[in-house]
Amino acid sequence: MRGFIVEPNGSAGVNRQTSIETDDHFAVMFEQMPVGVALYDAQTFCLLAANPLFFQFLDPPWRGNPQAIGHSPMSWLPEAEEQGVMEIFRVVAETGVPYRSGIYMFPAFERGLTYWSWTLSPVRDQDGEVGRLLQTLIEITEQVEAQQRREAINVPLQTANRSVETERQRLEVVEAVASSVRISLDPKRISMAASKAILDTFKTRHVFIHTADPAQQALRLLHIYPALENRSMTDLLKYVPYTSPFLMARAHMQRDPIVVADISEALTQGIISGESPLANYTAMNSYVCVPLWFGEQFEGTLTATFIEAIAIDGPEVQTLLACSTHIAAALANARLHADVENERARLRSILDQLPEGILITEAANGRVNYANTAAAAILGLPVKTLINTSLHQNAQAIVSHKGTLQVVLPWNFAVIRALSGETISSQETSMIRPDGKNVTILSSSAPVRSQWGTITGAVIVFQDITAQKSLEQQKNEFLSFASHELRTPVTAIQGFAEILQLQIESGKQPGPQSLRALAIINEQSQTLTRLVDEMLDLTRIDNMQLMLHRSRCDLVDILRSAIETQASTTKKHQLRLVLDGLAGADKVEAFVDKNRCTQIVGNLLSNAIKYSPEGGAIEIGLYYFSPARTEVVIWVKDHGIGIPESETTNIFKRFHRVQDIDPAISGLGIGLYLVKELAALHGGRIWVESVEGRGSTFSVQLPLNLNH
Ligand code: ADP
């Protein structure tokens with residue numbers, strides 16, 4: 001018998017070597033071992049020796065039978081080749097690498113099912129060749145059963161763990177959605193945040209959020225996450241009328257979610273029709289659409305699709321339901337906010353269009369928190385400057401510009417009084433704006449109260465009454481001018497009438513003096529009549545009662561008679577008619593009010609006489625305005641005092657007279673205003689070209705109106 005060396009199974013590096021003299025000796029050594037041990041020939045795989053425990057593994061005919069010695073495992077285990085056992089023997093014998101099996105179940109023992117693990121180790125002879133194979137069979141029943149007991153205990157624990165995990169995940173999604181939708185008041189951003197939160201923690205394919213458009217009876221897509229590859233599907237989803245075949249179109253009629261747990265099954269069973277958009281969209285297996293209700297208000301839908309089929313009452317549906325309340329609330333909040341903002345914008349635009357200036361100050365800090373555009377225009381400060389500044393500060397700003405304190409202080413008092421609950425109306429305030437313009441403002445102020453009656457601010461409403469004020473002033477001036485203007489001819493008439501009376505009473509014959517008195521009485525009566533007529537015309541224009549009586553007349557004729565009339569009143573000026581481009585006998589016919597045209601020309605001529613030095617030349621003329629000869633320009637030119645450039649438009653305003661004019665030149669400031677209005681009634685216009693100290697040319701453009 002040759003000796004050989006056993007390599008301990010798998011224990012590389014352990015160099016414990018055992019010398020065994022014979023295989024019989026080996027059998028004796030392992031007889032009492034609690035491990036089944038068998039020794040095989042490494043070439044033939046025939047069993048050389050084994051201990052009793054090993055024999056117990058063999059099938060009954062071989063069990064406990066030492067005749068197994070000399071046979072290969074295929075004898076007592078015919079399926080050894082199929083099971084790969086023999087391959088293991090061959091590999092270990094050839095490579096010298098030991099083998100360790102997994103758990104091996106063995107049912108043959110009387111004590112029932114037992115578990116074993118087996119190893120096959122090469123046993124080298126002294127030349128280092130693998131001559132034997134050593135098989136061990138180790139019972140691991142106890143360990144396996146202990147493991148099984150542990151697992152048995154673990155099963156409900158794992159189930160519980162799984163449901164806790166699902167619940168945790170569900171809460172995580174809901175919490176993520178709840179916190180993400182709080183970030184914005186913009187429905188699009190809310191929907192982006194919510195769908196991202198859902199998709200990040202949840203295994204959905206896509207998440208869509210639609211908002212309800214009750215006016216159009218449709219759903220409008222807010223967001224799809226992630227974007228669909230199918231563009232035409234995206235387009236279809238953008239606007240989903242309640243009548244469309246999309247399942248979500250039904251959501252507005254129900255509170256429960258619409259769940260298609262298994263789309264392919266639902267298609268086969270005809271629960272959803274082949275025409276449904278879902279039928280064409282194969283990249284998903286389940287579909288859940290949760291209606292978003294906020295109280296009684298349908299806000300839209302939350303839709304999720306899943307690659308895998310889900311359960312109708314599964315955690316996915318529950319989670320989406322829980323998320324839906326947060327999303328619905330956020331969308332409702334955004335909608336209400338938008339409504340409030342729209343209403344506010346509407347009110348603002350109304351307030352901004354009001355001609356009255358409006359300032360609202362906050363009670364807490366006395367600062368302006370609202371100013372409309374009219375306020376800015378009237379105060380001559382941009383809205384931006386007005387907002388957030390206190391009225392007092394504005395006063396400072398203007399004070400530093402002009403160095404006067406008359407500006408906003410009265411308002412400061414008004415605000416203080418309004419904040420203490422008082423309402424102040426029609427307060428007149430005079431102020432100098434930053435541009436230096438003096439304006440008169442009529443303001444009213446009142447407290448602004450909250451719904452509980454507490455005063456939260458004050459509102460000041462004001463208008464610029466500078467124009468009315470100056471008109472009032474002009475009217476007052478006019479009255480004093482008018483009384484003076486009227487008194488002058490009346491005094492003259494009275495004086496000369498008395499002289500005549502005395503002459504008649506004294507029985508004197510009327511002489512040249514009497515004739516002169518009569519002429520003056522006549523002249524002054526005409527002046528008086530003209531003044532009264534002008535005042536009456538003014539009233540008629542104010543009341544839109546001035547009517548034209550048009551007829552076909554010759555404008556050249558009107559100019560000639562105007563010159564004749566004025567020539568009789570002035571011997572001191574040279575009046576000349578200039579008809580450029582017209583022959584002496586030419587007529588210029590127009591369909592106009594002859595008396596009013598005479599009045600226009602008469603007024604311009606009398607002004608030219610009034611504002612020119614004695615002996616000055618005055619020309620009056622007419623020319624066609626265009627080659628079509630549909631319009632003419634009548635002009636009056638003098639070489640008188642002229643008009644400052646800054647006054648060339650003002651002189652056409654009622655009661656306006658050039659400032660610093662010689663007080664000896666009488667006038668009421670009505671004549672040019674009447675000329676302008678009369679020209680306008682004829683469809684024409686008036687303008688002046690003038691050089692101060694050198695003279696003026698007044699031009700009236702009139703349409704001939706012959707094709708009336
Ligand atoms: P009135 O002559 O009665 O003052 P008008 O309305 O006719 O009123 O004229 C308005 C003002 O225009 C006059 O007060 C005068 O200052 C100025 N004005 C009118 N015509 C002339 C003129 N031809 N030359 C210079 N200034 C004139």
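One-based numbering, in listed order, for ligands and for the atoms of each. One-based numbering along the sequence shown. Atoms considered below: every heavy atom in the structure, side chains included; atoms not considered: hydrogens, waters and symmetry mates.
Taking the centre and axis of the six-membered ring of Tyr673, the NZ or CZ atom of Arg654 falls inside the cone set by 45° and 6.0 Å.
For atom 3 (O) of ligand 1, the closest non-hydrogen atom on the protein side is Leu668 N, 2.9 Å. Considering only non-hydrogen protein atoms, atom 23 (N) of ligand 1 sits nearest to Asp638 OD2, 2.9 Å. For atom 10 (C) of ligand 1, the closest non-hydrogen atom of the protein is His656 O, 3.4 Å. Counting only heavy atoms of the protein, atom 12 (O) of ligand 1 lies nearest to Ile651 CG2, 3.3 Å. Nearest protein neighbour of atom 5 (P) of ligand 1, counting heavy atoms only, is Leu672 N, 3.6 Å. At the top of the distance list for atom 13 (C) of ligand 1, counting protein heavy atoms only, stands Tyr611 OH, 3.2 Å. Closest to atom 4 (O) of ligand 1, if we only count protein heavy atoms, is Arg657 NE, 2.4 Å. Ranking the protein heavy atoms by distance from atom 20 (N) of ligand 1 puts Asn607 ND2, 3.3 Å first.
The distance criterion of under 3.5 Å between nitrogen or oxygen atoms is met by Lys610 with respect to ligand 1. The N/O atoms of Val658, backbone and side chain alike, include one that comes under 3.5 Å of an N/O atom in ligand 1. Close N/O approach between Gly671 and ligand 1 is found [any backbone or side-chain N/O within under 3.5 Å].
Residues in residues 479-505 take part in no salt bridge (Lys or Arg N to Asp or Glu O under 4.0 Å) pair, two or more places apart or across chains.
The closest approach between Gly669 and ligand 1 falls below 4.0 Å for a heavy atom of the residue. The shortest separation from a heavy atom of Phe652 to ligand 1 is not under 4.0 Å, leaving the residue out of contact. Not a single heavy atom of Glu647 sits under 4.0 Å from any atom of ligand 1.
Within ligand 1, counting atoms from 1 as listed, the ones closer than 4.0 Å to a heavy atom of Ile641 are 25 (C). Below 4.0 Å from some heavy atom of Ser696 lie the following atoms of ligand 1, by number and element: 24 (N). Taking every heavy atom of Ile670 and a limit of under 4.0 angstrom, the matching atoms of ligand 1 come to 6 (O), 8 (O). Proximity to Gly667 (heavy-atom distance under 4.0 Å) selects the following atoms of ligand 1: 1 (P), 3 (O), 4 (O). Interface of Phe698 with ligand 1, defined as ligand atoms under 4.0 Å from a residue heavy atom, comprises 20 (N), 21 (C), 22 (C), 23 (N). Under a 4.0 Å criterion applied to the non-hydrogen atoms of Gly642, ligand 1 contributes the atoms 25 (C).
No side-chain donor-acceptor contact under 3.5 Å links His656 to the backbone of Phe652. Between the side chain of Thr456 and the backbone N or O of Val448, at least one donor-acceptor pair lies under 3.5 Å.
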Would Arg367 and Glu362 count as a salt bridge (charged side-chain N to carboxylate O under 4.0 Å, His left out) here? Give the steps. CA-CA 6 Å; Arg367 285 173 189 280; Glu362 250 175 272; over 6 Å; no

Derivation and outcome, side-chain contact (heavy atoms from CB on, under 4.5 Å), residues Val700 and Arg685: CA-CA 6 Å; Val700 178; Arg685 65 190 179 103; over 6 Å; no

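There is a side-chain donor-acceptor pair under 3.5 Å between Arg596 and Gln599. Gln473 and Asn476 share no side-chain donor-acceptor pair at under 3.5 Å. A donor-acceptor pair shorter than 3.5 Å can be found between the side chains of Ser696 and Ser690.
Contacts of Ile643 with ligand 1, taken as heavy-atom pairs under 4.0 Å, involve the side chain alone. Using a 4.0 Å cut-off between heavy atoms, Ile661 contacts ligand 1 through its side chain alone, with no backbone atom that close. Here Asn603 has no heavy atoms under 4.0 Å from ligand 1, in either its backbone or its side chain.
The distance from atom CD1 of Ile520 to atom CG of Leu515, rounded to the nearest 0.5 Å, is 11.5 Å.
The residues Lys188 and Asp186 are annotated as not salt-bridged, no charged nitrogen and carboxylate oxygen being separated by less than 4.0 angstrom. Ion pairing between a basic and an acidic side chain is recognised when a charged N comes within 4.0 Å of a carboxylate O; Arg530 and Glu534 show such pairing.
The one candidate from Leu575, Val578, Val636 that meets the side-chain contact (heavy atoms from CB on, under 4.5 Å) condition with Ile620 is Val636.
Atom NZ of Lys637 sits in a sparse spot, with 12 or fewer heavy atoms from other residues, nucleotides or ligands closer than 6.0 Å.
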